[in-house]
Amino acid sequence: MLPAASFLTLLLALSITGSPVEARNSPITLPIFGRLNFSSGTVNLLQHDKARAAALRDPSMRGLAGSTPVTNNGVGYIAAVGIGSPPTSYNLLVDSGSSNTWIGAFTKYVKTETSVFTRVSVEVDYDSGYFTGMEYLDTVTLSSGLTITNQSIGVAYGSSGFGSGVDGILGIGPVDLTKGTLTNSTTRTMTIPTVTDNLYKQGTISQDVVSVFLEPSSSQTQTKGELTFGGTDATKYTGDIAYTPITTTNPASTFWGINESIAYGSMTILSSTAGIVDLGTTFTLIATDAFTQYQSATGATVDEVNGLLTVSSAQYNALKNLDFHIGEETYTLTPNAQIWPRSLNSHIHGSSDAIYLVVNDLGTPSGQGLDFINGYTFLQRFYSVLDTANSRVGFAQTSFTNATTN
């Protein structure tokens, strides 16, 4: 799941500069804008990433008492979503690691003439929280002109781990993640069509696809990005999009999972294995054995305050490319892309002149079926396509792939 309030939180509000064209042949692009809010620090942020990783690997780890609240993550994409007719607006976290859409954690559900009570209970456990409630079918409005009818939503009567002002989740993960969330005996094996699925089935978009573009953040000011439903936005990437199939290796195959290998310079530190791309993880996490090699090769040490790797200026100048080999393509995190934005150090309990690396330890050795998470710090540098129809994930370079803003 995703996150938001207690440390670095990128709050993304969906905003439309004009009414999207509702045409079967046209993808619909939603500009998203964010601002950085800081209150706690990277110790919690890194702990959240690791707690999330543990929960993604093992569902029995989800929702454990005492773990970091689900809203405490480095990147929180918040969409202002209207539900009902007339619609009530709810601030929902956009999550690629889950697929249910639900409300009621903060703002109460307002029933209208479009509300249909199914009398079926629903519940979802996340990395460090949960919600439980009842299912309704209702009209969901993502923006003016982008409306879904009879969308399944959960209405919470109990939830934990969500910060004030966060009303629930807008899930854009694979539909199979909804299996078992309807808890009545006759519905437990059913899946629930996601928002993206229903946009396609109802003819609003031509492909069951959602694409993501994010700009790197280098200051505590509003940053830009966009979600594109039904296709891609060619103005946001360069070259061609290369696709790779969803991995068949469990548990990565449950999510937006792919196979890749990773090399630091000319040295392979992670042989081809399965992992995931995830909007809810801030750092780029790799299996412990790969992380050990990376730390040794860079000469980095662990900062005792925030838990991140840190390098000297001389070591930074000597950093090599970190290459992600996915399918037939290579996606490179340049030395600058491997470091935390130095202008934001003071906001994460870091030293203003320190250089922190964004690559960290997943917490388990390779060979576990989920050996890496390409998080926000990876996805900022590449355009990504989550393609349900063809069971694949696509990537392309952007104008920010080789940016030196960090």
Side-chain angles (χ1 to χ4, degrees), residues 42-43 45-47 49-50 53 57 74 216 244 252 258-278 281-342 344-345 348 350-351 353-382 395 397 400-406:
T42 304
V43 171
L45 186 145
L46 183 58
Q47 287 176 346
D49 270 8
K50 292 189 175 184
R57 289 193 307 268
T244 189
I258 60 173
N259 293 326
E260 74 179 21
S261 63
I262 304 175
Y264 178 74
S266 61
M267 178 179 66
T268 297
I269 61 173
L270 186 65
S271 298
S272 184
T273 188
I276 66 172
V277 294
D278 182 39
T281 300
T282 301
F283 298 108
T284 298
L285 303 181
I286 58 178
T288 299
D289 44 314
F291 174 75
T292 300
Q293 293 182 72
Y294 178 76
Q295 180 180 359
S296 176
T298 59
T301 58
V302 177
D303 186 280
E304 293 183 359
V305 176
N306 58 35
L308 296 179
L309 290 182
T310 182
V311 293
S312 67
S313 294
Q315 289 169 327
Y316 169 62
N317 291 332
L319 282 181
K320 300 176 182 178
N321 287 340
L322 190 64
D323 292 327
F324 296 72
H325 302 292
I326 303 172
E328 300 298 320
E329 302 297 325
T330 298
Y331 303 91
T332 297
L333 287 186
T334 63
N336 188 264
Q338 293 173 55
I339 68 171
W340 183 261
R342 284 167 283 186
L344 302 179
N345 281 358
I348 59 167
S351 301
D353 59 348
I355 302 174
Y356 300 105
L357 301 179
V358 298
V359 179
N360 216 282
D361 186 5
L362 184 64
T364 53
S366 58
Q368 305 301 303
L370 198 162
D371 295 336
F372 61 84
I373 300 178
N374 295 349
Y376 165 73
T377 47
F378 176 89
L379 294 172
Q380 276 188 326
R381 300 288 177 149
F382 302 100
F395 300 102
Q397 292 194 2
F400 297 103
T401 296
N402 297 312
T404 57
T405 52
N406 290 343

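Bear in mind that the values here come from a model prediction, so they are computed numbers and not experimental data.
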Determine whether a donor-acceptor pair (N or O, by modelled atom type, separation under 3.5 Å) exists between the side chain of Thr292 and the backbone of Thr288. yes
Ring pair (Phe, Tyr, Trp, His ring centres under 6.0 Å) pairs touching residues 298-322, sequence neighbours excluded, are none
Would Ile258 and Phe372 satisfy side chain to side chain contact (heavy atoms under 4.5 Å, CB included), going step by step from the backbone distance to the final call? CA-CA 10 Å; Ile258 60 173; Phe372 61 84; 3.9 Å; yes
Asn406 backbone acceptor or donor facing Asn336 side chain under 3.5 Å: yes
Check step by step if side chain to side chain contact (heavy atoms under 4.5 Å, CB included) holds for Phe382 and Phe324. CA-CA 12 Å; Phe382 302 100; Phe324 296 72; 6.0 Å; no
For the student: nearest non-hydrogen atoms of Ala53 and Ile373, plus distance: CB-CD1, 3.7 Å
Taking all atoms of both residues into account, what is the closest heavy-atom pair of Asp49 and Phe283, and its distance? OD2-N, 2.8 Å
Can a donor-acceptor pair be found, under 3.5 Å and without considering hydrogens, that links the side chain of Thr268 to the backbone of Ser271? no
Determine all donor-acceptor pairs shorter than 3.5 Å in which one atom belongs to a side chain in residues 325-335; sequence neighbours excluded.
{"from": "His325", "atom 1": "ND1", "to": "Thr330", "atom 2": "OG1", "distance (Å)": "2.8"}
{"from": "Thr332", "atom 1": "OG1", "to": "Asp323", "atom 2": "OD1", "distance (Å)": "2.6"}
{"from": "Thr334", "atom 1": "OG1", "to": "Ala337", "atom 2": "N", "distance (Å)": "3.3"}

May I ask you to decide if Tyr356's main-chain N or O and Thr310's side chain share a donor-acceptor pair within less than 3.5 Å? no
With heavy-atom distances below 4.5 Å as the criterion, would you say the side chains of Ile286 and Val359 are in contact? yes
Without swapping roles, check the side chain of Asp371 against the backbone of Thr273 for a donor-acceptor pair under 3.5 Å. no
May I ask you to test the Glu260-Asn374 pair for a side-chain heavy-atom distance under 4.5 Å? yes
Indicate whether any N or O donor in one side chain lies under 3.5 Å from an N or O acceptor in the other, for Gln338 and Tyr294. yes
Testing the basics here: between Arg381 and Thr405, what is the closest heavy-atom pair and its distance to 0.1 Å? NH2-OG1, 4.5 Å
Look at the side chain of Thr377 and the backbone N and O of Thr282, then say whether any donor-acceptor pair between them is shorter than 3.5 Å. yes
Locate the shortest heavy-atom distance separating Met267 from Gln293; write the atom from each residue and the value. CE-O, 4.2 Å
Closest contact, heavy atoms only, Leu357 versus Ala300: CD1-CB, 3.9 Å
Shortest non-hydrogen contact between Ser272 and Ser261, atoms and distance: N-CB, 3.5 Å
Answer yes if the side chains of Asp289 and Ser366 hold a donor-acceptor pair under 3.5 Å, and no otherwise. yes
Can you tell me how far apart CD1 (Ile355) and CG (Asp303) are? Round to the nearest 0.5 Å. 12.5 Å
What distance separates Leu285 CG from Asp361 CG, expressed to the nearest 0.5 Å? 8.0 Å
